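Below is one structure; the comments refer to it alone.
This one's a predicted model, so the numbers in the text were calculated from it and none came from an experiment. Start at 1 and go down the list; that is how both ligands and their atoms are numbered.
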Amino acid sequence: MSDPILVVHGGAWAIPDDLVEAHLEGIEAALAAGWDALNAGASALEAVEQAVVVMEDHEAFDAGRGSFLNSDGRVQLDALMMCGATLRAGGVGCVERIRNPIRAARKVLEQSPHVYLVGPGAERFAAEHGAPLCENSEFIIPREVARLREYQQKTESERSEQLFSAAQDVDTVGAVALDRAGNLAAATSTGGTLNKTPGRVGDSSLIGCGCYADNQAAAVSTTGWGEPIMKLVLGKWASDRVASGVDPAHAAADAIAYLKRRLDGHGGIILLDARGHFGIAHNTPRMAWGTATAGGHARGIQRTAAPLG
Ligand code: GLY
């Protein structure tokens, strides 16, 4: 028997002052949903799904409704879920009509022989397995239409300066959990990067990049600028360090330092091992995070990269 724990994040970027309260409120709601399940004896998979669904439905985050728009002004979503006990994983990429991509990811994990489905095939699979579809317009909100318009009015050099800055708009959500049975799970969901090329897939739904879970190592979810995270397979890199004996708090800080040092990348990470030790680190101005244990819930909008947990 393990003491259950849930750790969530709502993106690492320069979260504007006027969105801070909404992020904290969304984190609290995600913690409540995930913790209610975990505390009632549900699996870690169920807890991370419940937590991420709340953030996909919350307009503050770049996941589900409220996501950043691609260069065509549409929402394209990616999500992945992984089970630390079995190493089964399920992901969806470039989906435009699945109301909650993380629910579809779980169905891929549990009800298909595959790990990853994309585009219309993923949408068809989701519908056939009971994950509701919706119109793409239902994901689009005025705040994001204005954000895209402003971005597309920038010059090429202003855009590339923003891309390489820690203030770049990337706001993926994720959750990691340890259940009473001692099993880990991880889930990550995103609308990706602002003005992305249609068809672009980021780190979030790629196994070992934005999401990974192994009971013998750790559960991890990353957020931030996806391309550098993919090139470093950062989630697996961090969980391998935990497997080799590094505490998750140090491994999380090491991962973000490696991301910066090797590719000048920016982002954040949550990491949890099967003892319930966790780490949270980021090198962006802000990162929305939360934790839930039997001792209570904690949340915040900023955390230093110093070892914690
Ligand atoms: N980390 C989200 C993305 O780059 O798509």
Side-chain angles (χ1 to χ4, degrees), residues 8-15 23 52 55-56 60-64 66-72 74-82 91-96 98 101-102 105 116 118-119 122 139 144 147-148 151 159-160 162-176 186-212 220-238 252 255-256 258-260 263-271 280-289:
V8 305
H9 72 78
W13 60 301
I15 298 167
H23 275 69
V52 168
M55 291 187 280
E56 287 178 338
F61 303 106
D62 176 30
S67 285
F68 297 136
L69 303 181
N70 69 14
S71 60
D72 283 348
R74 291 177 69 82
V75 166
Q76 267 189 349
L77 303 165
D78 307 327
L80 184 81
M81 184 181 288
M82 186 157 179
V92 295
C94 287
V95 294
E96 297 193 349
I98 301 177
I102 204 67
Y116 205 61
V118 301
F139 292 125
E144 296 310 321
R147 193 195 303 277
L148 181 68
Y151 184 84
R159 287 187 196 185
S160 87
Q162 182 168 339
L163 180 64
F164 294 103
S165 140
Q168 166 73 354
D169 307 313
V170 184
D171 204 10
T172 302
V173 306
V176 292
T188 306
S189 181
T190 191
T193 47
L194 177 62
N195 197 49
K196 66 184 179 182
T197 301
R200 176 260 190 193
V201 173
D203 61 309
S204 306
S205 63
L206 298 185
I207 190 165
C209 299
C211 183
Y212 196 73
V220 55
S221 175
T222 67
T223 171
W225 179 22
E227 278 73 9
I229 293 171
M230 280 188 263
K231 291 172 191 170
L232 298 177
V233 197
L234 196 66
K236 183 70 163 66
W237 186 95
I256 295 303
Y258 176 49
L259 178 66
K260 177 71 183 164
L263 288 175
D264 199 22
H266 42 82
I269 188 167
I270 57 176
L271 192 57
I280 301 172
H282 63 102
N283 63 356
T284 47
R286 284 175 167 154
M287 175 174 180
W289 60 271

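Side-chain contact between W289 and I280 is present, with at least one heavy-atom pair separated by less than 4.5 Å. Between M81 and V52 the shortest side-chain heavy-atom distance does not fall below 4.5 Å. The closest side-chain heavy-atom distance from S189 to L77 is not below 4.5 Å.
Taking distance alone, with nitrogen or oxygen atoms compared against 3.5 Å, G226 approaches ligand 1 more closely than that limit. Considering backbone and side-chain atoms together, G192 places no N or O closer than 3.5 Å to any N or O of ligand 1. The shortest N or O to N or O distance between T223 and ligand 1 is not under 3.5 Å.
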Stepwise side-chain contact (heavy atoms from CB on, under 4.5 Å) check, V118 with V92: CA-CA 5 Å; V118 301; V92 295; over 6 Å; no
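When M230, R200, E227 are ranked by how near their heavy atoms come to atom 4 (O) of ligand 1, first place goes to R200.
Contact atoms of ligand 1 toward G224: 1 (N), 2 (C), 3 (C), 4 (O) (distance under 4.0 Å to a heavy atom of the residue). Of all atoms in ligand 1, numbered sequentially from 1 with element shown, those under 4.0 Å from a heavy atom of G202 are 5 (O). Residue-ligand proximity, T172 to ligand 1, at heavy-atom distances under 4.0 Å covers atoms 1 (N), 2 (C). Interface atoms of ligand 1 facing T190, defined by a heavy-atom separation under 4.0 Å, are 2 (C). Close approach of ligand 1 to S204 is summarised as follows: ligand atoms under 4.0 Å from at least one heavy atom of the residue are 1 (N), 2 (C). The D203 neighbourhood of ligand 1 comprises atoms 1 (N), 2 (C), 3 (C), 4 (O), 5 (O), with distances under 4.0 Å to a heavy atom of that residue.
Without hydrogens or angle criteria, N70 side chain to D72 main chain gives a donor-acceptor distance under 3.5 Å.
Between R200 and E227, at least one side-chain nitrogen of the basic residue sits less than 4.0 Å from a carboxylate oxygen of the acidic one, meeting the salt-bridge criterion.
The closest approach between G210 and ligand 1 stays at or above 4.0 Å for every heavy atom of the residue.
Under the side chain to side chain contact (heavy atoms under 4.5 Å, CB included) rule, C211 has a single partner from D203, V220, L80, T222, which is L80.
Aromatic ring pairs are classed by plane angle as parallel below 30°, tilted from 30° to 60° and perpendicular above 60°; the pair W237 and Y258 is parallel.
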